[in-house]
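Computed from a prediction, not measured in an experiment: that's the story for all the values here. Below, chain A is the first sequence line, B the second, and so on; all start at residue 1.
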Amino acid sequence: MPEGHTLRRLADDLTAAFAGATVSASSPQGRFGTEAAVLDGTRLLAADAAGKHLFVEFEHDHVVHVHLGLIGGFAVTEGAAEVPPPVGQVRLRLVARTGPGRWSYADLRGATRCDLVTGARRDEVLAGLGPDPLRPDADPTRAWERVHRSARPIGELLMQQDVIAGVGNVYRAEVLFRQRIDPFRPGRTLRRSRFLAIWEDLVGLMADGVRLGRIDTVRPEHTPEAMGRPAREDDHGGEVYVYRRSGQPCLVCGTLVRTSPMAGRNLFWCGQCQRRFRSRAVQ
DNA sequence: GCGCCATGTATAG
DNA sequence: TATACCTGGCGCA
């Protein structure tokens with residue numbers, strides 16, 4: 001689940017559920033026990049996200065730095081009548097009483113990173129990230145400077161968090177399809193306007209992801225209803241052009257979608273729609 | 001119930 | 001490049 005939109009939602013949900021509240025913090029699993037004890041009984045100020053990183057801010061300059069990795073999850077429940085016992089390996093549990101008989105609680109599981117840090121350390125992490133299409137102050141020029149100097153394929157560059165923060169394997173495949181760009185094309189062969197088109201598309205797609213809580217990338221003319229085709233039924237939910245559709249016909253041209261590993265992950269693309277040096281995007 | 005794979009990253013070799 | 005991390009959904013007995 002976790003690409004940038006997931007972390008943005010999570011930060012918003014945590015802020016809505018806990019901001020300003022004095023929280024109980026614990027580590028039922030034990031691996032975050034010492035740190036949880038430090039936070040226990042202090043006030044949670046807010047949560048924020050940058051790229052795929054989550055920062056939960058407490059008073060006294062305590063910040064919990066979370067990275068969910070591939071399989072992590074942070075389940076936030078607001079306004080529950082009671083708090084159930086933890087299930088599974090809960091690294092961090094936050095609980096706050098939000099009203100008479102009303103509780104918020106959140107359980108963190110499976111994260112690759114859960115560290116108690118300071119605001120200064122958070123700023124270091126932020127400084128190491130490229131611009132995040134979900135943040136209004138993001139400067140795509142910083143990403144462009146990296147891309148247009150690089151001989152690496154654009155499909156790899158989009159996954160590098162120090163180039164663009166928050167893009168994962170789904171958004172990489174989908175934005176390159178929508179912009180009709182060959183994933184193997186070296187970054188330095190892209191014109192600035194083409195890169196900025198990728199960026200603007202990511203801004204819209206990822207904002208949709210935050211709003212909907214899933215990744216939908218097909219244009220209105222390619223929805224199941226518009227095309228009279230069955231909706232996607234796997235666990236990803238969202239309607240997409242190429243991600244995990246290898247061997248199925250391209251929704252635009254009918255050519256079979258291809259797959260091949262790139263940067264250690266499965267890349268998906270249409271060899272017909274995404275021919276090299278083809279320069280016009282789908283409008 | 002079991003094995004596999006997955007929207008990610010760090011680290012070892 | 002391989003593997004560790006360690007959860008959850010799916011296909012398949």
- Drop me the distance from Phe74(A)'s CZ to Leu7(A)'s CG, to the nearest 0.5 angstrom. 11.0 Å
- Residues in contact with DNA chain B, drawn from residues 263-270 of chain A - heavy-atom cutoff 4.0 Å: Arg265(A), Asn266(A)
- Query: Starting at CD of Gln160(A) and ending at C1' of dA10(B), how long is that distance when rounded to a whole Å?
  - Reply: 15 Å
- Query: Between Leu70(A) (CG) and dC5(B) (C1'), how many Å, whole number?
  - Reply: 9 Å
- Query: In whole angstrom, what separates Arg109(A)'s CZ from dG9(C)'s P?
  - Reply: 11 Å
- Item | Whole-Å gap separating C1' (dT7(B)) and CE (Met262(A)) | 17 Å
- Item | Pair Glu239(A) + Arg229(A), salt bridge at N-O below 4.0 Å | yes
- Message: Regarding Asp13(A) and Arg8(A), does a basic nitrogen lie under 4.0 Å from an acidic carboxylate oxygen?
- Response: no
- Choosing from dT7(B), dT9(B), dT7(C), which nucleotide comes nearest the side chain of Glu3(A)? dT7(B)
- Message: I want to check one thing: is the phosphate of dT7(B), taken as OP1 and OP2, less than 4.0 Å away from some side-chain N or O of Lys52(A)?
- Response: no
- Query: Just how far, in rounded Å, is P of dG8(B) from CG of Asp162(A)?
  - Reply: 15 Å
- Query: Under 4.0 Å between a Lys/Arg side-chain N and an Asp/Glu carboxylate O for Glu145(A) and Arg142(A)?
  - Reply: no
- Note on the structure: Rounded to whole Å, OH of Tyr241(A) lies from P of dT7(B) at a distance of 21 Å
- Query: Given atom CG of Asp115(A) and atom P of dA10(B), what is their separation to the nearest angstrom?
  - Reply: 12 Å
- Message: Under a 4.0 Å threshold between the charged nitrogen and the carboxylate oxygen, would Arg211(A) count as salt-bridged to Asp216(A)?
- Response: no
- How long is the span from the CZ atom in Phe177(A) to the SG atom in Cys250(A), to the nearest 0.5 Å? 4.0 Å
- Query: Would you call Asp12(A)-Arg9(A) a salt bridge at under 4.0 Å N-O?
  - Reply: no
- Message: Taking the C1' atom in each of dG8(C) and dA10(B), what is the distance between them to the nearest angstrom?
- Response: 22 Å
- Message: Is there a side-chain contact between Tyr243(A) and the phosphate of dT7(B), meaning an N or O under 4.0 Å from OP1 or OP2?
- Response: yes
- Message: What is the distance, to the nearest angstrom, from the OH atom on Tyr171(A) to the P atom on dG8(B)?
- Response: 11 Å
- Comparing nearest nucleotides in DNA chain B, the 5'-proximal residue of the pair His53(A), Ile71(A) is Ile71(A)
